[in-house]
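Down below is the structure, laid out as structure tokens.
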Amino acid sequence: MFRLRSRPPRRVRYSVGIDATTKSPALPANARSLGPGLDALHRRIVGWFEETARDLPWREPACSPWGVLVSEIMLQQTPVVRVLPVWEEWLRRWPNPAALAGEPAGEAVRCWGRLGYPRRALRLHAAAVAIVDGHGGKVPDTYAELLTLPGVGSYTAAAVAAFAYGRRETVVDTNIRRVHARLVSGVALPAPSLTASEMRLAAELLPDDDGTSVRWNAAVMELGALVCTARAPKCAACPVREQCAWLAAGEPPPSYTPKGQAWHGTDRQVRGAVMAVLRLAETPVPPEMFVQEPADLGFEAEGIGAPLSALHRLNSAPEQLERALAGLLSDGLAELHHGGYRLPA
DNA sequence: AAAGCGTGGAG
DNA sequence: TCTCCAAGCTT
């Protein structure tokens, strides 16, 4: 019977509001049934990764910590294929934190394009400023320091410390949570939000060796992204299907149905449409232009006709447009200049 | 601590 | 067409 080998007590850092002093109880019973053992599990998944891993520019050894940080922020809730071209453009234009910090935040937002969640661009700019002001222009190399940066939470801090600096960190993202849920816990999906129990499990599964731990983190993430996917997992291609508790249990369905985010008719949709206009606008946009306009919009609409029409097509209530604009102002994604809206200068 | 925050591809 | 969901963070 497989057992986790005992190791000297190690300070385990649990991210997000989890008491780091909590003593570590035994693993769930099914964590002990990983067949050939934890080392073998590490070898299988890391081996699979080294054969199968995608060539991603932020995984190149030559990629700077700044490149890794930018990639991690861009990848929050955003698929790799959409990030790739924007990341390339960002790194060409801003090869280090100081380069970005030297430009207006609005440029970061504009260059963010249609990646979504544009507050991330704002925060990345603020992070660059903080790195220049507080860290001599060098991306910090510890979890604790990274965590203080705007837009950097527990996942991103651990990921940058691990992938940019080779540190042994408990990296837990949505892919890793799902792999652990199936492989070890035997359930179709992880809990709706990250639990202390998941962090404990991830910490227990992490290889002792620094180098192996980094590859393990990347490998489990990749396995979740390519094979152990949320819908229609490709179990036939899984290097650890023989050890999978969920498969062994007969693929029980999820115990809950995640509720999707509303989109049509929401403030978010209006904000998105307004931002699309502002990204293309070269001069401040008067508020009247955001309102449905039957006749011609005049020469001022030059270049922003398409996103403006898209906004008008939403036909949103005036108070909803008001809310969206006010929200963008308070978030710092837009500012008022001579009575018109523009990206922050 | 639950809710808000974009976008587009896949099934 | 419509729903789901993708390397989360912040308040």
Side-chain angles (χ1 to χ4, degrees), chain A residues 15-18 53-54 56-59 67-87 109 112-124 126-127 146-164 169 171-179 188-195 202 217-226 228-234 254 256-279 307 310-311 314 323-324 326-328 330-333:
Chain A
S15 316
V16 291
I18 289 164
R54 296 167 288 184
L56 301 174
W58 45 86
R59 285 181 179 162
V68 174
L69 174 60
V70 171
S71 80
E72 292 299 343
I73 302 284
M74 288 184 172
L75 287 163
Q76 291 167 3
Q77 305 281 279
T78 308
V80 167
V81 285
R82 279 218 310 276
V83 166
L84 278 168
V86 183
W87 184 89
V109 175
W112 197 251
R114 305 189 63 84
L115 274 188
Y117 290 147
R119 293 194 285 200
R120 292 182 293 168
L122 222 44
R123 292 179 182 144
L124 192 42
L146 286 160
L147 197 54
T148 68
L149 298 175
V152 175
S154 60
Y155 161 74
T156 304
V160 172
F163 302 139
E169 300 286 345
V171 178
V172 178
D173 78 323
T174 187
N175 290 306
I176 290 176
R177 295 183 64 211
R178 190 173 52 250
V179 171
L189 294 175
S193 58
L194 182 58
T195 66
N217 281 324
V220 177
M221 210 178 302
E222 189 82 342
L223 187 64
L226 298 184
C228 195
T229 50
R231 283 182 297 179
K234 302 162 181 65
Y256 68 98
T257 54
K259 62 168 192 275
Q261 303 166 335
W263 174 247
H264 292 285
T266 63
D267 290 3
R268 298 170 72 176
Q269 188 183 30
V270 179
R271 285 171 58 115
V274 171
M275 286 303 295
V277 174
L278 297 188
R279 278 194 304 266
L311 173 59
L314 297 180
R323 268 201 313 274
L328 292 176
S330 83
D331 285 349
L333 281 167

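Letters go in sequence order (proteins before strands), and every chain restarts at 1. Fair warning: this is a prediction, and the values are worked out from it, not measured in the lab.
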If you find the nucleotide of DNA chain B closest to A/K259 and the one closest to A/G116, which residue's nucleotide is nearer the 5' end?
A/K259

Quick one, A/R59 with A/S71, criterion side-chain hydrogen bond (donor to acceptor under 3.5 Å, both in side chains). Give me CA distance, side-chain angles, the key distance, then yes/no.
CA-CA 10 Å; A/R59 285 181 179 162; A/S71 80; over 6 Å; no

Can you figure out which of [options] approaches the side chain of [X] most closely?
X      : options              : result
A/P79  : C/dG8, C/dC5, C/dA6  : C/dA6
A/A230 : B/dG6, C/dA6, C/dC4  : C/dA6
A/R123 : B/dG8, C/dA7, C/dT10 : C/dT10
A/T78  : B/dG6, C/dA6, C/dC4  : B/dG6

Distance between the C1' atoms of C/dC9 and B/dA1, in whole angstroms?
14 Å

When the P atoms of C/dA7 and B/dA2 are considered, how many whole Å apart are they?
23 Å

Please state how far atom [atom1] in [X] lies from atom [atom2] in [N], giving the value in whole angstrom units.
X      : N     : atom1 : atom2 : answer
A/W263 : C/dT1 : CH2   : C1'   : 18 Å
A/Q77  : B/dT7 : CD    : C1'   : 11 Å
A/D331 : C/dC9 : CG    : C1'   : 12 Å
A/M74  : B/dC5 : CE    : P     : 22 Å
A/F163 : C/dA7 : CZ    : C1'   : 8 Å
A/R82  : B/dG9 : CZ    : C1'   : 7 Å
A/R120 : C/dA6 : CZ    : P     : 14 Å
A/R119 : B/dT7 : CZ    : P     : 12 Å

Within the 4.0 Å heavy-atom criterion, would you say [X] contacts the bases, only the backbone, or no part of the nucleic acid?
X      : value
A/S71  : nothing
A/R178 : sugar-phosphate
A/G153 : sugar-phosphate
A/S193 : nothing
A/Q261 : base
A/R279 : sugar-phosphate
A/W112 : nothing
A/A232 : nothing
A/I73  : nothing
A/L56  : base
A/V81  : nothing
A/R114 : sugar-phosphate

Side-chain contact, heavy-atom cut-off 4.5 Å: A/V83 with A/W58?
yes

At less than 4.0 Å, is any side-chain N or O atom of A/R271 found next to OP1 or OP2 of B/dG6? Yes or no.
yes

Donor-acceptor pair between A/Y117 and A/R268 side chains, under 3.5 angstrom
yes

Using a distance-only test with no angle check, is there a side-chain donor-acceptor pair under 3.5 angstrom linking A/Q76 and A/Y155?
no

On DNA chain C, does the nearest nucleotide to A/A157 precede the nearest nucleotide to A/L189 from the 5' side, or the other way round? Give the residue.
A/L189

Within the distance-only criterion (no hydrogens, no angle test), does the side chain of A/D173 pair as donor or acceptor with the backbone N or O of A/N175 below 3.5 angstrom?
yes

Going by side-chain contact (heavy atoms from CB on, under 4.5 Å), A/V160 matches just one of A/V152, A/L69, A/V171. Which one?
A/L69

In Å and rounded to the nearest 0.5 Å, what is the CZ to CG distance from A/R177 to A/L194?
5.0 Å

Is the base of B/dG6 touched by the side chain of A/R268 through a donor-acceptor pair closer than 3.5 angstrom?
yes

